[in-house]
Amino acid sequence: MAKDTKTPRPKAETPKGFRDYFGSDVTDRSQMLAQIAGVYHRYGFDALETSAVETVEALGKFLPDVDRPNEGVFAWQEFDDKDKGDWLALRYDLTAPLARVYAQHRNDLPTPYRRYAMGPVWRNEKPGPGRFRQFYQCDADTVGAASVAADAEICAMLSDTLEAVGIARGDYVVKVNNRKVLNGVMEMAGVLDPNDPDRFKEERGIVLRAIDKVDRLGPYGVAQLLQAGRRDESGDFTEGAGLGREQVEIVMGFVAATTRVVTQLVEDFPDDAGDSWAPDNLRVVMAHPHEFKDRMLTYLRNIVGASKVGQDGVAELSEIAELLNLQGYGPERIRIDPSVVRGLGYYTGPVFEAELTFEIIDDKGRKQQFGSVAGGGRYDDLVKRFTGQEVPATGVSIGVDRLLAALRAKGRVGGQVAPGPVVVTVMDRARMADYQTMVADLRNAGIRAEVYLGNPKQFGNQLKYADKRNSPVAVIAGGDEFDKGVVQIKDLILGAEIAKNASLDEWKDRPSQYEVLRDDLVARVQAILKGQG
RNA sequence: GCCGCCUUAGCUCAGUUGGUUAGAGCGCUGGAUUGUGGAUCCAGAGGUCCCCUGUUCAAGCCAGGGAGGCGGUACCA
């Protein structure tokens, strides 16, 4: 009965996990990227832009299962031709492409090679709150430098970068740790056998992930994960590592490192401690940076005990801390934090993470922490895949979208709506050329301006349009004005201001509108713009 | 992946015990008006009531299944 002649319309929507960026989303971001690139460049890093698409082998992924959504990456086969085509994929980070580029051009590139890169990366994962399938990263890496001086430099640069984009000192901290220290702890806890590295791999993963969660779950939650497992409020159960009592004690001693060292300091220097005994009471740390560092290193040395790799790690950590301290980067900017873990099968030495420490109130009135906005570390095995030779490398990656969101929340970026163009309205279609000349004059004077290009019959709509564009000024000229060689200039910002307190009639009197000579148009508009700040 | 809530116009949402042609506000387009933006009036366009199956004379509403969204949680190079 009902006629099915209707064809379903396409749905106008962004694909899941993707976003559209409007106006200031784009300009704010490119401004921030320019600030970051400025610091990277000043530190001697060269710009590098690589292709968005890589071969799957170069990215280090196995052939994706065709039936399943490609194991986290957007991948496809180039030709359908009897499985002959290469598998390609969108890059999922900027480090794997760097390894490829360095391996490919190593004869021409200087060693060490220092480069920075920025751009979108893609991950084919289920999107969640604040997690998208396309997002921006901004990386700097040093390839071919084994010295921990390279790691220390990255940490210092990360600190400088955050301040350069507008994160105040004290509103962030760069936390430094070392994977070798973690491995030392694993050895002591009996979940890492130096003679059989693959043994206990499963348990190690659980333990490392548990340590990483101490900020959120607290020591008790971590202890649960080390033993049988943990059931969260939503009813989900997470399998634990099944460690015995002694093992748990060793790991928990490590997890509690910061708390214990700080507590010690508070006991020894009560006058410099804050009111609170909380583990994040950092006043005493700031007052005694060297004590903090030395005691932390001693504490870690004791925990890793006889483990060779563990002692190596502590030594590296000590060296980095020393280098940074001598350059004046104290614990208010960069400090040792043993709970930093980062990616599991990736980093081989120093690891670091930049965390924002200020709280914001979200739209539901809850306190929220921004958490980690950048991370990095040493990955000495990445280039080896291509060349067979060990090439040490270290670097950092900034999560651009998150950092930008943080700056917005802080009011350091955005805030006010971007100003729109001056709108020249159209009274008389036949005089379009005159209107366009006015616009050209304004543009030549460096003023953003445009002629209204919609239906000019409804004059009110033209001003509504100017309003929606957040235009500072509208220019109005009809037959009367042209006869007299004048134009009307309407200060829209002032008009809106007046409208707040004035009655409709007062406002309709147009106190914000002036008649000026056509020849003075540019000068008068300039004056208004200047007055509006 | 697991747990909970949700899904009706571009947006925010009404929709009676299951009963004709599914509504409102905002927005959009046009007009009483070819000279004035917040806040005049009138009209118009815009719908797979998330999808499928079932119950019923009759389903936006009831039942079963599925999908999508949101919030937690897990994983994350």
Side-chain angles (χ1 to χ4, degrees), chain A residues 2 4 6-9 11-13 15-17 59-62 71-73 89 91-97 99 121-131 133 137 205-206 209-210 212-213 216-217 221 225 229-239 341-347 362 364 366 372 375 377 379 382 397 420 423 425-431 452 454-471 473-481 488-510 512-513:
Chain A
D4 293 0
K6 270 188 181 171
T7 53
R9 298 191 178 87
K11 277 201 172 154
E13 59 188 10
K16 273 173 301 174
L59 287 176
K61 279 283 171 189
F62 298 110
E71 199 67 26
V73 304
R91 64 182 179 207
Y92 56 80
D93 71 8
L94 297 174
T95 310
V121 301
W122 294 268
R123 295 185 187 181
N124 192 5
E125 290 166 338
K126 205 174 169 184
R131 294 192 53 190
R133 298 204 286 178
Q137 287 191 334
I206 296 174
R209 283 191 290 269
D212 201 27
K213 290 193 179 94
R216 201 156 41 82
L217 302 183
L225 286 171
R230 175 177 180 271
R231 184 175 300 284
D232 60 55
E233 314 88 72
S234 73
D236 198 13
F237 184 74
T238 309
E239 190 72 35
V341 177
R342 311 283 313 162
L344 294 189
Y346 197 65
Y347 294 115
D362 69 9
K364 285 171 192 147
R366 295 180 303 197
S372 168
Y379 47 97
L382 219 57
S397 177
V423 171
T425 57
V426 175
M427 286 282 184
D428 182 353
R429 266 178 157 152
R431 296 195 193 258
Y452 181 72
N455 178 3
K457 281 182 80 175
Q458 310 240 81
F459 189 76
N461 282 350
Q462 305 201 36
L463 293 175
K464 277 186 189 165
Y465 170 81
D467 249 5
K468 200 164 211 170
R469 295 296 308 275
N470 195 35
S471 296
V473 168
V475 176
I476 302 166
D480 301 346
E481 283 81 7
Q488 303 284 339
I489 296 181
K490 196 179 188 65
D491 183 334
L492 295 170
I493 308 291
L494 179 60
E497 204 61 40
I498 292 170
K500 278 184 197 157
N501 301 314
S503 73
L504 187 58
D505 285 339
E506 282 168 345
W507 180 67
K508 290 281 185 196
D509 253 1
R510 308 206 276 275
S512 56
Q513 188 169 325

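Convention: sequence-line order gives letters A, B, ...; per-chain numbering from 1.
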Review point. Expressed in whole Å, how much space separates the C1' atoms belonging to B:A59 and B:G19?
Key: 10 Å
By salt bridge (Lys or Arg N to Asp or Glu O under 4.0 Å), A:Arg131 pairs with (sequence neighbours left out) A:Glu125
If you measure from the C1' atom in B:G25 to the same atom in B:G68, how many Å do you get, rounded? 27 Å
Taken to the nearest whole Å, OH/A:Tyr347 to P/B:A77 is 8 Å
Euclidean distance for C1', B:A45 against B:G10 (whole angstrom): 12 Å
request  = For nucleotides B:U48 and B:A22, find the distance between their C1' atoms and express it as a whole number of Å.
outcome  = 14 Å
Checklist entry - Has A:Arg209 got a side-chain N or O lying under 4.0 Å from the OP1 or OP2 atom of B:C76? => result yes
Salt bridge (Lys or Arg N to Asp or Glu O under 4.0 Å) filter on A:Lys500, not counting sequence neighbours, yields A:Glu497
**Item:** Distance between P atoms of B:C42 and B:U33 (Å, rounded)
**Value:** 16 Å
Donor-acceptor pair under 3.5 Å: do we get one between A:Arg131's side chain and the base of B:C76? yes
Counting only Watson-Crick and G-U wobble pairs with both atom distances below 3.5 Å, the stems of 3 or more consecutive pairs that include RNA chain B are B:1-7 with B:67-73, B:10-13 with B:23-26, B:28-31 with B:41-44, B:50-54 with B:62-66
When rounded to whole Å, the CG to P distance for the pair A:Leu225 and B:U73 reads 13 Å
request  = Please tell me if the side chains of A:Tyr346 and A:Leu382 come closer than 4.5 Å, counting only heavy atoms from C-beta onward.
outcome  = yes
Any heavy-atom pair between the side chains of A:Val73 and A:Arg91 that's under 4.5 Å? no
*Flag the pair A:Ile498 / A:Trp507 as yes when at least one side-chain heavy-atom distance between them is below 4.5 Å, and no otherwise.*
yes
A:Leu94 CG to B:A77 C1', in whole Å, measures 12 Å
Note: for A:Ile498 and A:Trp122 on RNA chain B, the residue whose nearest nucleotide lies more 5' is A:Ile498
Taken to the nearest whole Å, NZ/A:Lys213 to P/B:C76 is 7 Å
- Query: Are A:Ile476 and A:Phe459 close enough that some pair of their side-chain heavy atoms sits under 4.5 Å apart?
  - Reply: yes
field: A:Arg133 side chain reached by A:Trp122 side chain, heavy atoms, under 4.5 Å
entry: no
By side-chain hydrogen bond (donor to acceptor under 3.5 Å, both in side chains), A:Arg342 pairs with (sequence neighbours left out) A:Glu353
To the nearest angstrom, the CG-C1' distance between A:Asn455 and B:C28 comes to 14 Å
Inset, instruction - Please state the P separation for the pair B:C51 and B:U7 - nearest whole angstrom. - result: 14 Å
When rounded to whole Å, the CG to C1' distance for the pair A:Asn124 and B:C75 reads 15 Å
Quiz item: Are A:Leu217 and A:Arg230 close enough that some pair of their side-chain heavy atoms sits under 4.5 Å apart?
Solution: yes
With sugar-phosphate taken as primed atoms, P, OP1 and OP2 and all else as base, the protein-contact string of nucleotides 32-37 of chain B at under 4.0 Å (heavy atoms; B, S, -) is --BBBB
Check your understanding: Just checking A:Lys468: base, sugar-phosphate only, or nothing, at a heavy-atom cut-off of under 4.0 Å?
Key -> sugar-phosphate
Show your reasoning for whether salt bridge (Lys or Arg N to Asp or Glu O under 4.0 Å) applies to A:Asp428 and A:Arg431. CA-CA 6 Å; A:Asp428 182 353; A:Arg431 296 195 193 258; 3.4 Å; yes
Whole-Å distance, A:Lys16 NZ to B:C70 C1', equals 14 Å
**Report entry** Nearest-Å distance once atom P is located in both B:C2 and B:G60
**Finding:** 32 Å
A:Arg469 meets the salt bridge (Lys or Arg N to Asp or Glu O under 4.0 Å) criterion, sequence neighbours left out, with A:Glu450
Which value, in whole Å, describes the distance between the C1' atoms of nucleotides B:A24 and B:U8?
13 Å
B:A77 base stacked by A:Tyr92 (centroids within less than 5.5 Å, tilt under 30°): yes
### Task
Please work out if A:Arg216 contacts a base, only the sugar-phosphate, or nothing of the nucleic acid, heavy-atom cut-off 4.0 Å.
sugar-phosphate
